[in-house]
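Report on the following structure.
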Amino acid sequence: MKSICVIGIGYVGLPTAAMFASKGHRVVGFDVNKNAVSALNKGKIIIEEPGLGELVKEVVEKGNLTGTDECPKDCDVYIIAVPTPINKDKTADMRFVESATRSIVPCLEPGNIVVLESTSPPRTVEDLMLPILSESGLKMGEDVYVAHSPERILPGQVLYELKNNSRIVGGINEISSQKVKELYESFCEGEICLTTSTTAEMCKLMENTFRDVNIALANELAKMSEELGVNAWEVIELANKHPRVNILSPGPGVGGHCIALDPWFLVEKSKNALLINQGRHINDSMPEYVFEKIRKILGGFNGQLITLLGVTYKPNIDDVRESPIMRLLDLLKHENVVVNVCDPHANNKVGGIDSVYAASDRSSMVVLCVNHKEFEDIDFEQLRSVMDGNVILDTRNFFDKDKVESAGLRYELLGNGR
Ligand SMILES: NC(=O)c1ccc[n+]([C@@H]2O[C@H](COP(=O)([O-])OP(=O)(O)OC[C@H]3O[C@@H](n4cnc5c(N)ncnc54)[C@H](O)[C@@H]3O)[C@@H](O)[C@H]2O)c1
């Protein structure tokens, strides 16, 4: 069994730390956020993720997982899971990876393993981390084994995916890959594929870029459909009957810490990332597009109350990072309207009203922004009775049009030009 330090105990680092701890390793979660550390030491979590609270409580009580706000010296393995956000100019902000790497240097000893899990621009391990780690005086690849192993978990099913997903391990040399593979085998039952660190970085970025570009295609279809008098959702349903076609769904934009950001890392690093760049711009334009649609449906903004259902970047999670709905909210806030937000999951208190009906009281328009499961059973008769206006704008093709209309409400669907 190894002693493992996970640097950054957020959405990725904490479940990873807990999984290693559950397999008997001695794990220390190192984070600069003292609240996260003190919660961890009480066996508590400050994020929402099914099953994680129970697992953390169990491994903390067993003494296998502890938290600290200083990089511990006596570990065999250092795993970096810190944020990699983007700057205003869409370049990668690598300050966290850099400082996490620096914090390891005084702790390094021969035989140690260093793994970067954070999603990073191509060549981060080679060009940013190795020069810093080499300041220890140890030889990278000989004394210390270094690899990138990108995390591909889906929020909401993190524990299942950590165990069952395949994992890429890109070492700076073969022995690094091998050592890191053996490490993850303690909880990962999926295939562990070995490659170089830069290929691993590229793989992770291309996975998210694939999704982003394809969502951009669906969003472009939605805009064209409204222009040309067709229903994008019908086009998608019919086109996807072709055995080799799978058009994704349009929506009010792409958010989250991954898909909305990672393609920019490629745009920054390669002048050939043209389609990728365009796809990002199309997806980033969707909140404005929905905003203009709301304005058009209402015939302008003159003090109406608008209700947004959902602000998180995807359904049934608490995460609002990069959420396109936050951008939509921001646009509406600058207009002469009042906005109520109902989100039973959001962690930022923006979705302050838990009841759909309370949030829609005297509303002119209800906009379904995120298809949370709580919105599945809306009673449209009750909704109609509390609203002043009668418009439902569905940006996800989530509601049953007939049910909405039979309650006397007007149903508008993003991407429907029919
Ligand atoms: N959230 C996801 O679903 C997901 C999925 C796959 C990959 N990723 C990638 O994983 C990485 C981490 O993402 P996250 O969602 O866990 O971030 P997060 O913000 O939830 O957690 C990161 C933690 O790192 C801490 N931190 C920052 N700098 C530090 C430092 N120098 N030393 C110690 N702690 C430090 C922060 O305080 C924070 O608690 C990112 O690169 C992200 O792109 C995230």
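Being a predicted model, the structure only gives us computed values, none of them experimental. Note that ligands are numbered from 1 as they come in the structure, with each ligand's atoms numbered from 1 the same way.
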Would you say the side chains of N41 and S38 form a donor-acceptor pair under 3.5 Å?
no
Any donor-acceptor pair under 3.5 Å linking the side-chain atoms of Y78 with those of N112?
no
Pairs of nitrogen or oxygen atoms, one from ligand 1 and one from the protein, closer than 3.5 Å: please tabulate them with distances.
{"from": "ligand 1", "atom 1": "15 (O)", "to": "R321", "atom 2": "NH1", "distance (Å)": "3.4"}
{"from": "ligand 1", "atom 1": "15 (O)", "to": "R321", "atom 2": "NH2", "distance (Å)": "3.2"}
{"from": "ligand 1", "atom 1": "16 (O)", "to": "Y11", "atom 2": "N", "distance (Å)": "3.1"}
{"from": "ligand 1", "atom 1": "16 (O)", "to": "V12", "atom 2": "N", "distance (Å)": "2.8"}
{"from": "ligand 1", "atom 1": "20 (O)", "to": "Y11", "atom 2": "N", "distance (Å)": "3.0"}
{"from": "ligand 1", "atom 1": "31 (N)", "to": "S99", "atom 2": "OG", "distance (Å)": "2.9"}
{"from": "ligand 1", "atom 1": "34 (N)", "to": "V32", "atom 2": "N", "distance (Å)": "3.4"}
{"from": "ligand 1", "atom 1": "37 (O)", "to": "D31", "atom 2": "OD1", "distance (Å)": "2.6"}
{"from": "ligand 1", "atom 1": "39 (O)", "to": "D31", "atom 2": "OD1", "distance (Å)": "3.3"}
{"from": "ligand 1", "atom 1": "39 (O)", "to": "D31", "atom 2": "OD2", "distance (Å)": "2.7"}
{"from": "ligand 1", "atom 1": "41 (O)", "to": "T84", "atom 2": "OG1", "distance (Å)": "2.6"}
{"from": "ligand 1", "atom 1": "41 (O)", "to": "T119", "atom 2": "N", "distance (Å)": "3.0"}
{"from": "ligand 1", "atom 1": "43 (O)", "to": "T119", "atom 2": "OG1", "distance (Å)": "3.4"}

Salt-bridge present (E151, R167; N to O < 4.0 Å)
yes
Taking the inter-plane angle between the rings of F187 and Y184 on a 0 to 90° scale, is it parallel (under 30°), tilted (30 to 60°) or perpendicular (over 60°)?
perpendicular
Could you check whether any side-chain heavy atom of T119 comes within less than 4.5 Å of a side-chain heavy atom of P150, counting everything from C-beta outward?
no
Checking side chain to side chain contact (heavy atoms under 4.5 Å, CB included) for the pair E201/F265: CA distance, chi angles, key distance, verdict?
CA-CA 10 Å; E201 289 159 349; F265 295 174; over 6 Å; no
